[in-house]
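Have a look at the structure below, then the notes.
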Amino acid sequence: KLTVEAVATGRDLCLKPAETEEETAATTVEDIVPHVEKEVPIPEKPVIPVTILSGSADGDGDELTDVEEAVYGTDMLKPDTDADGYLDASEILNFYNPNGPGKLVDSGSVHTYINPVYDYSVLYPAAWLVSSLDESNREVIFTVNKEGGEFIEIMVEDNLDELSPSQWFLLQSPGLDISQLDVFVTRQGINGVKSPDGLTVYLGKKNQIYVITYRPGTKDTIDFATTFKLMIESFALPADEIEETVETAATTTAGTTTA
C-alpha cells in the first residue's frame with residue numbers, strides 16, 4: 001500500500017510518499033506545524049504587608065504629641081507656644097527653641113550625644129537615658145524614661161561595597177522594590193532612605209551605614225514621631241566623611257554627652 005506523510009513546506013502543506021512505516025509513525029503535530037514560542041507570563045512580585053503606626057494624641061495640632069510637649073516644655077494647648085509665627089514642631093526640627101528666642105541646644109530640653117568611636121553626633125531629649133550595648137559603641141540605645149518600653153536605637157553597619165543607603169536596604173530586604181522606599185537627604189547633607197513602615201532610617205557614607213530605628217515597645221501608637229525626625233535631621237558626621245553624591249529615587253559604654 002501507499003503510505004504518505006505530511007510535510008511543512010513553509011506556506012503549503014503537501015503530501016509525499018513515506019519511505020518506511022517507522023517514519024510515518026514518527027510524524028507528529030510538532031513535525032507538521034512550525035514551533036511557535038509561547039509568551040511566559042512574569043509572575044507579579046508579592047506585596048509585603050506593612051503596618052504603619054499612627055502618632056498618639058496631639059491636642060493642639062502642632063505635630064508634637066502631648067507626650068512630646070512635656071519633654072520640650074511647650075504648651076499642649078498652643079500650637080505656637082512662643083507666638084513667633086512658627087509651629088512648635090517646626091521650630092524643633094529646624095533646631096530652634098519653641099519656648100522663646102535662641103537655639104534648641106541652648107534651651108536645656110536636649111543634649112548632644114557624641115559617639116567616641118564612630119565620631120557621629122546627634123541631638124536627643126535631655127530627660128532620656130543613653131547607653132551602649134558594649135565597649136565597641138556600635139549600637140547605642142536612647143531610652144524614654146517612661147513605661148511602655150519605647151526607645152530609639154542607632155547601629156553602625158560596615159558597608160565595604162560602598163553601596164548607597166537604598167541599595168544596602170534592598171539587599172537586606174529582597175522582597176521590596178525601590179519604588180516603595182522614601183529616599184531623601186538630611187539637613188546635614190547625608191543620603192538616607194526610610195523603610196516602608198517609617199520606623200527605620202538608613203543613613204550612609206562611603207563605607208558605613210548608620211541605622212536609626214524607632215522601637216515602640218508594647219505601644220500601638222508612636223509618642224515621639226517628631227523626636228525621631230529630630231534625631232535623624234540632627235545626625236552629623238565630620239564633613240570629610242559625608243558622601244558627596246546626592247542620591248535620588250531614580251538611582252540609593254555610652255559616649256560623652258554635652259548640654
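In Glu63, the CD atom is not crowded: 12 or fewer heavy atoms of neighbouring residues, nucleotides or ligands sit closer than 6.0 Å. The 12-atom threshold is not exceeded at OH of Tyr86, counting heavy atoms of other residues, nucleotides or ligands nearer than 6.0 Å.
Salt-bridge check for Glu150 with Arg215: failed, with every basic side-chain N at 4.0 Å or more from each acidic carboxylate O. Using a 4.0 Å cut-off between charged side-chain N and carboxylate O, Lys206 and Asp161 make no salt bridge.
The minimum heavy-atom distance between Asn97 and Glu91, with the atom names listed, is O-OE1, 3.2 Å.
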Are Glu69 and Thr74 close enough, and set up right, to give a side-chain hydrogen bond (donor to acceptor under 3.5 Å, both in side chains), and what steps lead you there?
CA-CA 5 Å; Glu69 302 269 12; Thr74 49; 2.3 Å; yes

Please step through side-chain hydrogen bond (donor to acceptor under 3.5 Å, both in side chains) for the pair Asp75 and Thr81, ending with a clear verdict.
CA-CA 6 Å; Asp75 191 332; Thr81 297; over 6 Å; no

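Without hydrogens or angle criteria, Asp134 side chain to Ser136 main chain gives a donor-acceptor distance under 3.5 Å. A distance-only check finds a donor-acceptor pair linking the side chain of Asp82 to the backbone of Gly100 [under 3.5 Å]. In this structure, Asp80 contributes its side chain and Gly85 its backbone to a donor-acceptor pair below 3.5 Å.
Atoms CG and OG, on Asn115 and Ser132 in that order, are 7.5 Å from each other to the nearest 0.5 Å. Summarising the geometry, atom CD belonging to Glu162 is positioned 11.0 Å from atom CD belonging to Gln167; distances are rounded to the nearest 0.5 Å. The CG atom of Leu77 sits 10.5 Å away from the CG atom of Asp62 when rounded to the nearest 0.5 Å.
Side-chain atoms of Leu181 and Phe169, non-hydrogen and from C-beta on, do get closer than 4.5 Å to each other. With a 4.5 Å cut-off on side-chain heavy atoms, Phe228 and Ile212 count as touching.
Looking at Phe142, Phe224, Tyr113 one by one, the single match for ring pair (Phe, Tyr, Trp, His ring centres under 6.0 Å) with Trp128 turns out to be Phe224.
Ring-centre distance between Tyr210 and Tyr202: not below the 6.0 Å cut-off.
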